[in-house]
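All values reported here derive from a predicted model rather than from experimental measurement. Proteins come first, then strands; the chains are lettered A, B, ... in the order of their sequence lines, and each starts at number 1.
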2 protein chains.
Amino acid sequence: MIVREKSTPCEMCLSRKFSMFSNLSEPHLCNLSDNKNFISHKKGQILFYEGTKPLGVFCINDGVVKVFKTASNGKEQIIRLANKGEFLGYSSLLGEEVYSSTGTIVEDAKICFVPKETFLKVLVEDNSFHRRLTKALCQDLGIMEHKLTDATQKSIRERLAFTLLKLSETYGVDGGAGEKIDVVLTREEIAGLVGTATETIIRLLSEFKKDELINFEGKKIIVLNKKGLARLSDFYGG
Amino acid sequence: MIVREKSTPCEMCLSRKFSMFSNLSEPHLCNLSDNKNFISHKKGQILFYEGTKPLGVFCINDGVVKVFKTASNGKEQIIRLANKGEFLGYSSLLGEEVYSSTGTIVEDAKICFVPKETFLKVLVEDNSFHRRLTKALCQDLGIMEHKLTDATQKSIRERLAFTLLKLSETYGVDGGAGEKIDVVLTREEIAGLVGTATETIIRLLSEFKKDELINFEGKKIIVLNKKGLARLSDFYGG
DNA sequence: ATTTTAAAATGATTTTTGTCATGTTTTATT
DNA sequence: AATAAAACATGACAAAAATCATTTTAAAAT
């Protein structure tokens, strides 16, 4: 069930302040506020489906969204996890293509939908915004090149170690003996992130735990030994 | 040895007509012409190195360039092959990062170097160009997502079949019994394209030949049975 | 034309990873 | 609280792919 609530106007939105929309003009902000559509989403809900036509972009005010492609074998390859302050769907929209991936909620989320026309108006009228967006797209491309190279040239052990390090960078909070990855991901989702079978992830996580690189706390993972994971991940700067 | 020659002005450049620079204004074209730097490159030469700072963009007037990342195991993951009318290096330039990959000449090339300031001037002053570039970046991102998903979820046999189909799409010329892939790639380079070991590619190509899906003609590959390759590649629309 | 070097091919073997089957634990639902 | 359904775990095995060693062939270089 979709819940539409009274929402903060964009002008006051805190997550916006640290997003690509951070430096918009007063009129653009008002226009956004007037046309956006704020919706609360529960874990598991689907934001958009691969293969459908984008009608706008999503701004994450809070929560976590996984963006994945479904492979022909039925498995999910997670392209990225998107967080507060990030945008979704602009790439397919601006590429004038159908969604290349599906977006579903991983942690309960508050998300604003900005209709295509509203978004394009900002893009066309605010060149500085357009340039920020271009920069972000270019950096995303660099990240994807790196991911592709890792996927083909590194072992799954290395990739899992790297993934855990990245997760702890993004979601890390103090967790006593180490850094707690403060987001709930199933083994299947971690497998989708790394690009492998669930069983392989289960085995490797057990191995990492045995080697005291990580520990489990409920559904969350504690990173005990970053150096060890970095060594394992055959980290080369990326 | 770098050969600097007398070159066609951009206004007359045929490869430009089918590139992102196709609809530039007269003044912008003149400015490009005045500032570009035309260089002929021989097979094997390096255009730019991963990790170095981009100083401009490259426009391919003729030839083929492979863009690859070197993995920590020393192997090359080819990100893409770039052809006549395509641009190189703008992603790292606009992302304000060092080159994420290396570019080397695969087939003798004529390439214009456009200095950063000149390129940025066009980008800032011609919004329509900027939008075309954004669109291309977004589509490239979609392609990378697809490649990543293939890399993690498909077998090497499937990926090789897909790669051969794509190569014949781009480089295909009539070749008697089938379509000839009219570009010389070593087995090692095909391996870099697919993301696997050279020996694996050699074995699979032999298998494909035995199964009469392809044939060899000198250093080039003839695709005999596209349908068969498509079936093998487990094609899902991408 | 001969030597050197690089590329391609092939076999043997090991390692890695995926799959299937099954059991246990945890979480959600009635 | 009982039941059902996910999620997690583990073993056994099969398949895929990498590695290493060696040979053959083709292309460059002298």
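Counting to the nearest Å, the C1' atom of D:dC8 and the CD atom of A:E188 are 11 Å from each other. Summarising the geometry, the separation between CD on A:E207 and P on D:dT10 is reported as 12 Å, rounded to the nearest angstrom. Rounded to whole Å, atom P of D:dA15 lies 12 Å from atom CZ of B:R157. Look at CD on B:E158: it is 16 Å from P on D:dA15, rounded to the nearest Å. Here the C1' atom of nucleotide C:dA7 and the CD atom of B:E189 are 11 Å apart, to the nearest Å. Atom-to-atom, CG of A:L205 to P of D:dC8 comes out at 10 Å; the value is rounded to the nearest Å. The separation between A:I201 atom CD1 and C:dT19 atom C1' is 16 Å, rounded to whole Å. Taking atom CD1 of residue B:I214 and atom C1' of nucleotide C:dA8, one finds them 13 Å apart after rounding to whole Å.
A heavy-atom distance below 4.5 Å is not found between the side chains of A:V106 and A:K43. Contact annotation: the side chain of A:E179 never approaches that of A:V173 to less than 4.5 Å [non-hydrogen atoms, C-beta and beyond]. Between B:E50 and B:S100 there is no side-chain heavy-atom pair separated by less than 4.5 Å.
Across all strands shown, A:K209 has no heavy atoms under 4.0 Å from either base or sugar-phosphate atoms. Using a 4.0 Å heavy-atom cutoff across all strands shown, A:T198 reaches no nucleic acid atom at all.
Set against C:dT17, C:dT10, C:dC20, the side chain of B:E199 has C:dT10 as its closest nucleotide. For B:I156, the side-chain atoms get nearest to D:dA17 when compared with the rest of D:dA17, C:dG11, D:dT10. For B:T186, the side-chain atoms get nearest to C:dA7 when compared with the rest of C:dA7, D:dA17, C:dA12. Checking C:dT10, D:dA9, C:dT17 against every side-chain atom of A:S155, the shortest atom distance belongs to C:dT17.
Cation-pi check for A:R187 over A:F216 is met; the charged atom lies under 6.0 angstrom from the ring centroid and within 45 degrees of its normal. A cation-pi arrangement is found for A:K154 relative to A:F162, the charged atom lying closer than 6.0 Å to the ring centre and inside a 45° cone about the ring normal.
With hydrogens and angles disregarded, no donor-acceptor distance shorter than 3.5 Å links the side chain of B:D108 to the backbone of B:K42. Between the side chain of A:N73 and the backbone N or O of B:Q153, at least one donor-acceptor pair lies under 3.5 Å.
Within the 4.0 Å cut-off from OP1 or OP2 of D:dA9, at least one side-chain nitrogen or oxygen of A:R187 is found. The side chain of B:T200 contributes an N or O atom lying less than 4.0 Å from OP1 or OP2 of D:dA18. Phosphate proximity of D:dT19 to B:K75: present, with a side-chain N or O under 4.0 Å from OP1 or OP2.
Note that OG1 of A:T163 and CG of A:D150 are 8.5 Å apart. Values are rounded to the nearest 0.5 Å.
One end of the helix from C:dA1-D:dT30 to C:dT30-D:dA1 points its axis 50° away from the other end's axis, with each axis taken from 5 pairs and the angle rounded to 10°.
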Show me, pair by pair, the donor-acceptor contacts under 3.5 angstrom made by side chains of residues 52-68 of chain A, not counting sequence neighbours?
| from | atom 1 | to | atom 2 | distance (Å) |
| --- | --- | --- | --- | --- |
| A:T52 | OG1 | A:Y49 | O | 2.7 |
| A:N61 | OD1 | A:S15 | OG | 3.1 |
| A:K66 | NZ | A:E76 | OE1 | 3.0 |
| A:K66 | NZ | A:E189 | OE2 | 3.1 |

Report all interatomic pairs (protein N or O, nucleotide N or O of nucleotides 24-30 of chain C) with separations under 3.5 Å.
none

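Donor-acceptor pairing under 3.5 Å, judged by distance alone, is present between the side chain of A:R203 and the base of C:dT19.
With 3.5 Å as the limit, one finds no donor-acceptor pair spanning the side chains of B:S92 and B:E97.
Both B:F216 and A:G195 lie near DNA chain C, and the one whose nearest nucleotide falls closer to the 5' end is B:F216. Sequence order on DNA chain D of the closest nucleotides to A:I202 and A:T152 puts A:I202 first from the 5' end.
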